Amino acid sequence: MAGDGVVERSAGLEAGHLRPEAVTVMSELGLDISHQRSKSVEQVAGEHFDIVVTTCDEAKEACPLFPGAFETLHWDLPDPAAVPGDEATRLEAFRDVRDELWAQVADLSRSLERTQFVPSRNR
């Protein structure tokens, strides 16, 4: 969404497993994430990040500090994996979070373009 100038990483507080619901709802957008794997924040802790985004209150409180990050954002999103119910109900929860996350990333991408933010990929 933000072009080649932005490199993204994703990690959770703990590595888990890739949820089939996530694979399904992302494939609805033509995105194949079936080969992705879950990573813990410990696995990326040594990397430099210009912007760090947390997506749940637990992560906001427990996420380690990333020295050198210019900005830390918190997007309060519900955990779709915690939604009880049948498959249709769970898929709807994953779609809702996917769509909200998509909108947040689009807003961030536009903001980076407006400010001509240049990521420090080579630090």
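Nothing here was measured: the structure is a model prediction, and the numbers come from that model.
- Atom CZ of Arg95 and atom CH2 of Trp102 lie 15.0 Å apart (nearest 0.5 Å).
- What you find for Leu91 and Val25 is that their closest heavy atoms are O-CG1, 3.8 Å.
- A distance of 9.0 Å separates CD of Glu28 from CG of Asp99, quoted to the nearest 0.5 Å.
- Looking only at side-chain heavy atoms (C-beta outward), Leu108 and Ile51 come within less than 4.5 Å of each other.
- Using modelled atom types and a 3.5 Å distance limit, the side chains of Thr54 and His74 yield a donor-acceptor pair.
- Here His48 contributes atom NE2 and Phe70 contributes atom CZ; the two are 5.5 Å apart, rounded to the nearest 0.5 Å.
- With contacts defined as side-chain heavy-atom distances shorter than 4.5 Å, the pair Trp75/Asp107 does not qualify.
- One finds no salt bridge joining Glu87 and Arg90 here, because no Lys/Arg side-chain nitrogen approaches an Asp/Glu carboxylate oxygen to under 4.0 Å.
- We find the CZ-CZ distance between Phe94 and Arg19 to be 4.5 Å, quoted to the nearest 0.5 Å.
- For the pair Arg98 and Leu29, the minimum side-chain heavy-atom distance is below 4.5 Å.
- No side-chain donor-acceptor contact under 3.5 Å links Glu92 to the backbone of Thr89.
- Of all the heavy atoms in Gln43 and Ser38, the pair that sits closest is OE1-O, 4.3 Å.
- Closest non-hydrogen pair, Leu18 versus Ser34, comes out as CD2-O, 3.8 Å.
- For Val97 against Pro80, the heavy-atom pair with the smallest separation is CG2-CD, 3.9 Å.
- Applying the side-chain contact (heavy atoms from CB on, under 4.5 Å) test between Glu100 and each of Asp76, Leu77, Thr55 identifies Leu77 as the sole match.
- Remark: side-chain polar atoms of Thr24 are paired, donor with acceptor, to backbone N or O of Pro20 under 3.5 angstrom.
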